[in-house]
Amino acid sequence: MPCFELLLQHLHSHPQRLHQIHAVLITTGFHLASPPRALLPIRQGSSAVFFYNCLIRACLRHRDQPDTSLRLFAQMLAHGVRPNRYTFPSLLKAAAGDAASSPSSGRAIHAQAVRRGLLLDDFTNCSLVDFYARVGDLGSARKTFDELPQPDLASRNSMLHALCVHGDLAAAIALFESMVDGNVISWTSLINGYARNGEFHEAIDLFRRWIIQKDVPLRPNEAMLVSVLSACANLDHNRALFRGLEIHGFIVRNEAPLTGFVGTALIDMYSKHGHLDYCTDVFQATREKEVCTWNAMISALARNGRAASALQLFDAMTASRLRPNHVTFVAVLTACAMQKLVDQGLRWFESMSTEFGVVPLMEHYGCVVDLLGRAGFLKEAMEFIRRMPFEADASVWGALLGACKVHENVQLGDGVGKQLIELQPWPAGLYMVLRNIYAGAGRWDDAAGMKKALQNSGIKKPTGYSWIVSGDCV
DNA sequence: ACTTAAAATG
């Protein structure tokens, strides 16, 4: 196998070729074969570490090869190649993105890092904290972090993000406020933490606080803009629209580039507040449209009663080389449901997997049930649920229930309601739909029972919330 | 020559 020597030399002069080389190695199954035979020529020495580090890094781009990074790591140990400080950050990142990873694989890597004396390396520590948080073990992330004598800014930002993701906002705020050297990433993490935990006002306020910081050179930052705009989109209040408009103005004034993601966030924000004309403007002004930008615009049209235009835009999207994803098809099926285009909707549902390779998720089944149900094909919707490849969840039954309500089919609605009783916990809107069905049929006792059940469940009924309007996928 | 922290559409 002297070819590996050649490969290594080639890598020295053409590092950008790494991905091609890695792809070839994967497809030929080389580095997955038993260790000693396949990679014999690169046993020890500094170039071997470099080679492994590069390959492990390449795993980050090849998502389709699960646990390859861990195999590579095991293999390098088996070869007696010693991992160094460049090894662990990539390894941990790759392992965290691997669905099969668990805290225990992290602990094995962690132990190796300790053995290699890398606990003084900021990069490795930061990656460890991040890894534990990403595989859902906040306790270990916290413990690792707390044991660092002097965590650097990146490690603190990692911890901050971890706390936000796991919903421990109090601890996140405490950490944030203790940081005198917080940077844009720290601010973005907490703004996003507020937003994803439903504290939209706080997210917007923190963004404004950041703007007021005069001594910091304000370079508008894409992640921060996206986070705060999504807070404006999700806040169901007129004030939120004005805040969104302000931020849009801020973007224009500061000549922040209207990237695909910022454009997406703006379209979504205007769409949720019913300003379809602004959505169109932003969509046109966004130069490099991402798939999500198209999705946001298609949903905006569908949501604001322009289903035909939504379907036209979907055609335009497929006509360009972009690949629609599962979100695209939620939007398309929603548009079909609103226009009662049953045949067309069913055709798209069929072709999404056969033609576009997008496997339908629960949401898509919910959309089809909504599509059939709205058009009055209640029996067919029921039949469709029976033939689903997996158990329908509350959102799917809820779509059918909504249709029962619209078409005043108390008998089926009653049956569906009984089905739903099996599925806990109920979404808040469900109680009200059931109540209305019973009330519409004059079954006041049952209706009152539902209202009582809602109160007992302790769920707050969101104001202005309607199961029917929000559609198929609640 | 190889390493760390933030973001979105349903």
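Residue numbering restarts at 1 for every chain, and letters A, B, ... go by the order of the sequence lines.
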Worksheet item: Residues from residues 152-167 of chain A sitting under 4.0 Å of DNA chain B, heavy atoms only?
Response: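 Per residue number, the list reads A:D152, A:A154, A:N157, A:S158, A:H161.
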
Discussion item. Can you list everything that forms a side chain to side chain donor-acceptor pair (under 3.5 Å) with A:S101? Sequence neighbours excluded, please.
Written reply: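 With neighbours one apart ignored, the set is empty.
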
Practice prompt. For A:I185 and B:dA7, give me the distance from atom CD1 to atom C1', rounded to whole Å.
Written response: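 Those two atoms, CD1 and C1', are 11 Å apart.
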
Worksheet entry | Atom-pair distance (CG on A:L148; C1' on B:dA5), nearest Å |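 My rounded result for the distance is 13 Å.
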
Worksheet item: So A:I298 and A:T328, side-chain contact (heavy atoms from CB on, under 4.5 Å) or not? Walk me through it.
Response: CA-CA 8 Å; A:I298 294 171; A:T328 318; 4.3 Å; yes

Practice prompt. Using ring pair (Phe, Tyr, Trp, His ring centres under 6.0 Å) as the criterion, list what pairs up with A:F123, not counting sequence neighbours.
Written response: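 For A:F123 there are no ring pair (Phe, Tyr, Trp, His ring centres under 6.0 Å) partners, ignoring immediate neighbours.
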
Worksheet item: Considering only heavy atoms and no angle criterion, is a donor-acceptor pair shorter than 3.5 Å present between the side chain of A:N221 and the base of B:dA7?
Response: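 No pair found.
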
Worksheet item: When all nucleic acid strands are considered with a 4.0 Å heavy-atom cut-off, which category describes A:N125: base, sugar-phosphate, or nothing?
Response: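 No contact.
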
Practice prompt. Answer with base, sugar-phosphate or nothing: what part of the nucleic acid does A:K272 contact at a heavy-atom distance below 4.0 Å?
Written response: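 The residue A:K272 makes sugar-phosphate contact but no base contact.
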
Worksheet entry | Distance test, side-chain N/O of A:R85 to OP1/OP2 of B:dT4, below 4.0 Å |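 Looking at the OP1 and OP2 atoms of B:dT4, neither is under 4.0 Å from any side-chain N or O of A:R85.
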
Worksheet item: Given B:dA6, is OP1 or OP2 found less than 4.0 Å from the side-chain N or O atoms of A:R134?
Response: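 A:R134 to B:dA6 OP1/OP2: side-chain N or O found under 4.0 Å.
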
Discussion item. Does A:K93 qualify as a cation-pi partner of A:F131, given the criterion of NZ or CZ under 6.0 Å from the six-membered ring centre and within 45 degrees of its axis?
Written reply: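 That pair does not qualify as a cation-pi contact.
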
Discussion item. Check for me: is A:F123 stacked on B:dT3 by the 5.5 Å centroid and 30° plane-angle rule?
Written reply: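 It does: the ring sits over the base of B:dT3.
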
Worksheet item: When you measure from the side chain of A:K340 to the backbone N and O of A:A337, does any donor-acceptor pair fall under 3.5 Å?
Response: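 Checking the backbone N and O of A:A337 against the side chain of A:K340, no donor-acceptor pair under 3.5 Å is found.
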
Item to complete: Inspect the contact between A:R85 and A:D122 and indicate whether a charged nitrogen and a carboxylate oxygen are less than 4.0 angstrom apart.
Response: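 A:R85 and A:D122: not salt-bridged.
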
